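Since we're looking at a predicted model, the values are computed, not measured.
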2 protein chains.
Amino acid sequence: MDKSEYLEQAADIDELDEKILKLITKNARIPFLEVARECGVSGAAIHQRVQRLLNIGVVSGSEFIVNPQKLGYNTCAYMGIHLEKAKFHKQVVVALRKIPEVIECHYTTGQYAIFIKIQTKTNKHLKRLIDEDLQEIEGIARTETFMSLEMDFKRQVPIQ
Amino acid sequence: MDKSEYLEQAADIDELDEKILKLITKNARIPFLEVARECGVSGAAIHQRVQRLLNIGVVSGSEFIVNPQKLGYNTCAYMGIHLEKAKFHKQVVVALRKIPEVIECHYTTGQYAIFIKIQTKTNKHLKRLIDEDLQEIEGIARTETFMSLEMDFKRQVPIQ
DNA sequence: AATGAAATAGTGCTGAT
DNA sequence: ATCAGCACTATTTCATT
């Protein structure tokens, strides 16, 4: 039996990789030549290192970060989901993925089977999503909602 | 009394802005000239639009997305925090921010006063963080942890 | 608010070490 | 895995509409 899939291997990352990661995870548009100057190596080296980090999956692309509130998404909530039976997990995730307002979905253990983050325009919009979209999904027994009144901070995992 | 601070104003976003946002939120390194070609406008126009989106806070920078597991961060948990008194909120957030493994922190209502996301290298690392770092913080009464066994998906708020 | 043109700067390749 | 150098392309500014 192949157990390799259970071993999520940490990548070989040296100090130069860490320095590169610190820079590009803070600003994806930074010119690689500027990274090169800060690291004291050539632009080509940075270019190849970033390519490698992408290839081995240490980084998975880049994005401009949108501020949900400026797009009218003023309500943020976390929700714990209880399933009728554990076997419904997969199909419930498939259904949740189809709801664009569900922006994060985790397979959890403990009190809930699934844990999601929801971003809606208003509280009314959230209510409609719970009453209409979520309660329609086969396999969901019951949900518990935690409203976020304010996001105090958000960041990526510490590098190094 | 100035109530403007309570009115989180959605920004004026036209179709061109939306098209730009869709492209740059999926790939922050996309050349603006390519965005320009896709939108049928000049590169300078994209440049000015993106600058404006940054200025009015619709986007707040860019980042390469790191895969925590590849850096050895294999444990992800959400945690609800009960406070001894609501007034401790601010100082608890300050203390939480100092713990790099706490990667997200929300002011919540309902069952918990504060809700956080934690990313640690191992379960042991999480245990240590809970026993040593968190229980030391003045104002925290008790915590409840939900372990994420797998992140099914994660994305940004829908544009348009 | 968008454009074209021009100067500056970065990217991505190659061949060499 | 690194480098320098080169041709190509992008960024950014500015006068103009």
**Asked** Just how far, in rounded Å, is P of C:dG10 from CD of A:E38?
**Response** 12 Å
**Electrostatic pair A:D152-B:R97, nearest N-O below 4.0 angstrom** = no
**Request:** Whole angstrom is fine here: how far is it from CD in B:E15 over to P in C:dA1?
**Result:** 16 Å
**B:F64 backbone acceptor or donor facing A:S62 side chain under 3.5 Å** = no
**Electrostatic pair A:E104:B:K117 at N-O distance under 4.0 angstrom** = yes
**Complete:** So, with a heavy-atom separation below 4.0 Å from DNA chain C, the residues of residues 17-28 of chain B are none
**Prompt:** Relative to each other, are the rings of A:F146 and B:F146 parallel, tilted or perpendicular (30° and 60° limits)?
**Reply:** parallel
**Request:** Assign a letter to each nucleotide of nucleotides 2-17 of chain D from its 5' end: B, base within under 4.0 Å of a protein heavy atom; S, sugar-phosphate only; -, no contact.
**Result:** BBB-----SBSB----
**Prompt:** Just wondering, more than 12 heavy atoms not from A:D131 lying within 6.0 Å of its CG?
**Reply:** yes
**Item:** Salt bridge B:D14-B:R49, side-chain N to carboxylate O under 4.0 Å
**Value:** yes
**Prompt:** Between A:R128 and A:D133, is there a side-chain N and carboxylate O pair less than 4.0 Å apart?
**Reply:** no
**Aromatic plane relationship, B:H106 with A:Y78 - under 30° parallel, 30 to 60° tilted, over 60° perpendicular** = perpendicular
